[in-house]
Amino acid sequence: MKKYTRRGLWPVVIAALTLTLAGQLVAQRLESGDHTHAEAHLDMAWRFRPKTFLEGRDRAPLSVLAEVLTVARGDDLISYVPNEPNGEARLPTQRITLNVLKVYRGTAAAGQRLTLFQSGGFTNDNPVPRFALDNPRYQQGERYVLLLEPAGQSGLFRIIAPEGRYHLVQGDIVTPIVDNAVTRDLRGKPLQHLEQLLGAR
Amino acid sequence: MARPGVVSAHLAGSHFHKSGAEIHFGVSNFGIYAERAEWALNNHGFMIPLLHWDRTNAHTEISVFDESFPTAEGCGYHDPQNGADGHRVHSHSVYNRDCGGNPDFVQGIYCQEIGHAWSQDHHNEQNSCMGLNYYNSDGWYITDHDNQDFYHFYRWHQ
């Protein structure tokens with residue numbers, strides 16, 4: 001009788017585990033956007049594009065080495081446009097929580113949390129995730145050297161330009177997020193090389 | 001139907017599902033800098049004989065407007081909306097007023113975002129607005145190069 005009862009519980013246990021797993025998957029999808037849609041491109045004309053790495057370096061009041069702790073959806077940027085549905089058009093944004101590992105310039109300290117603003121993501125009225133090709137989505141655990149400036153008066157930071165975002169991969173090898181005349185000489189170099197440029201004032 | 005032998009280098013991924021001898025887009029234009037947006041729209045219409053703007057105040061294909069976004073990284077945005085089949089069904093071409101009101105600059109940014117709306121990508125053609133704040137171009141207008149891209153894409157593509 002005892003044995004029979006144990007066997008009878010298995011379907012219940014399996015069903016409970018399945019529901020738990022499904023719930024987690026749904027929660028993850030809601031958090032990060034509906035990835036069943038192909039990602040679209042958000043085109044962006046940047047406020048600033050440096051002509052040299054040093055110009056970008058000197059533009060940034062804050063330069064850090066940081067790790068991505070979390071990536072979350074931010075408040076939409078809303079335009080009030082009479083012919084849009086509900087009289088508004090929405091641009092998606094992200095909030096990236098960074099753990100500062102090293103500071104090259106500016107007022108911050110190792111161990112401090114910074115919140116980064118990023119244009120991109122999805123909106124309720126347009127569930128397709130869209131990011132600029134020259135500012136793709138961040139992933140938890142990634143490490144970057146970032147050249148930052150305040151994002152208005154919001155208390156958030158934003159990268160000065162695509163030339164202000166350097167991904168560190170495979171033993172701290174520098175991978176610029178864009179490949180152009182400003183960043184080309186940095187690609188594939190060790191972090192120490194980039195740090196020398198940031199520190200050489 | 002793609003025209004054999006014709007490849008355009010600069011067209012972005014998604015696009016409106018149109019082709020033929022005349023390409024019409026429904027376009028609305030609202031905002032403080034609507035006059036400069038109008039100049040940009042007229043420039044596209046003038047430079048691209050195949051392109052025809054159908055002006056409307058309704059919500060149709062391309063909405064052009066401005067707003068102030070002090071936190072944002074961009075002075076201009078193009079935000080596409082694609083249908084279930086992957087084709088573009090609606091586009092927002094936006095100027096960020098927080099970048100100021102220099103008339104030529106506003107027009108140049110609008111020029112670029114309107115180009116994105118019909119699917120043109122950034123490129124480094126000298127004097128084309130499609131490189132403004134992207135390839136250090138200072139162009140405020142599209143060029144014949146953009147016209148060629150538009151023609152090769154929409155005249156023959158389906």
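Since this is a predicted model, take the numbers as computed values, not measurements. Every chain is numbered from 1 and lettered A, B, ... according to where its sequence line falls, protein lines coming before strand lines.
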S.K.: I'd like to know which of B:His90, B:Gln112, B:Glu67 tops the heavy-atom pair count under 4.5 Å against chain A.
M.R.: B:Glu67
S.K.: How about B:Phe30 and A:Ser79: do any of their side-chain heavy atoms sit closer than 4.5 Å?
M.R.: no
S.K.: In terms of heavy-atom pairs under 4.5 Å with chain B, which of A:Gln118, A:Gln153, A:Arg158 leads?
M.R.: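 Answer, by heavy-atom pair count under 4.5 Å with chain B: A:Arg158.
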S.K.: Got a second to check how far B:Asn96's CG is from A:Met44's CE, nearest 0.5 Å?
M.R.: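 Nearest 0.5 Å value for the CG-CE distance: 11.0 Å.
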S.K.: Side chain from CB out, backbone as N, CA, C, O: work out which of these in A:Ile78 comes under 4.5 Å of a heavy atom of chain B, or both, or neither.
M.R.: backbone
S.K.: For the interface with chain B, which of A:Ala151, A:Ala161, A:Gly152 has the highest count of heavy-atom pairs at distances below 4.5 Å?
M.R.: A:Ala151
S.K.: Shortest non-hydrogen contact from A:Asn126 to B:Pro80?
M.R.: ND2-O, 3.1 Å
S.K.: Return the CG to NE2 distance between A:Asp134 and B:His122, rounded to the nearest 0.5 Å.
M.R.: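 Between A:Asp134 CG and B:His122 NE2, I get 6.5 Å after rounding to 0.5 Å.
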S.K.: For residues B:Glu73 and A:Phe117, determine if any side-chain heavy atom of one lies less than 4.5 Å from a side-chain heavy atom of the other.
M.R.: yes
S.K.: Inspect the contact between A:Arg47 and B:Asp98 and indicate whether a charged nitrogen and a carboxylate oxygen are less than 4.0 angstrom apart.
M.R.: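 Yes, charged N to carboxylate O under 4.0 Å.
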S.K.: A:Asp125 versus chain B, heavy atoms under 4.5 Å apart: side chain, backbone, both or neither?
M.R.: backbone
S.K.: State, to 0.1 Å, how close B:Asn57 and A:Asn83 come at their nearest heavy-atom pair, and which atoms those are.
M.R.: O-CB, 3.0 Å
S.K.: Any side-chain heavy-atom pair from A:Trp46 and B:Cys75 closer than 4.5 angstrom?
M.R.: no
S.K.: Are there over 12 heavy-atom neighbours, none belonging to B:Trp53, within less than 6.0 Å of that residue's CH2?
M.R.: yes
S.K.: For A:Tyr80, which atoms come within 4.5 Å of any heavy atom of chain B: side chain, backbone, both, or neither?
M.R.: both
S.K.: Of the backbone (N, CA, C, O) and the side chain (C-beta and beyond), which part of B:Tyr77 lies under 4.5 Å from a heavy atom of chain A, both, or neither?
M.R.: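 Both the backbone and the side chain of B:Tyr77 come within 4.5 Å of chain A.
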S.K.: Please name the pair of heavy atoms, one in A:Pro92 and one in B:Asp79, separated by the smallest distance, quoted to 0.1 Å.
M.R.: CD-OD2, 4.0 Å
S.K.: I want to check something: taking the side chain as every heavy atom from C-beta on, are B:His116 and A:His41 in contact at a cut-off of under 4.5 Å?
M.R.: no
S.K.: How many angstroms lie between atom NE2 of B:His78 and atom CG of A:Leu42, to the nearest 0.5 angstrom?
M.R.: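 The NE2 atom of B:His78 sits 9.0 Å away from the CG atom of A:Leu42.
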S.K.: Give a yes or no on this: more than 12 heavy atoms of other residues, nucleotides or ligands lie within 6.0 Å of atom CD of A:Gln112.
M.R.: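 Enclosed: over 12 neighbouring heavy atoms sit under 6.0 Å from CD of A:Gln112.
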S.K.: When rounded to the nearest 0.5 angstrom, what distance separates CG in A:Asn180 from CG in B:Asn124?
M.R.: 10.5 Å
S.K.: Measure B:Ala72 against the heavy atoms of chain A and call it side chain, backbone, both or neither at under 4.5 Å.
M.R.: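 Both backbone and side chain.
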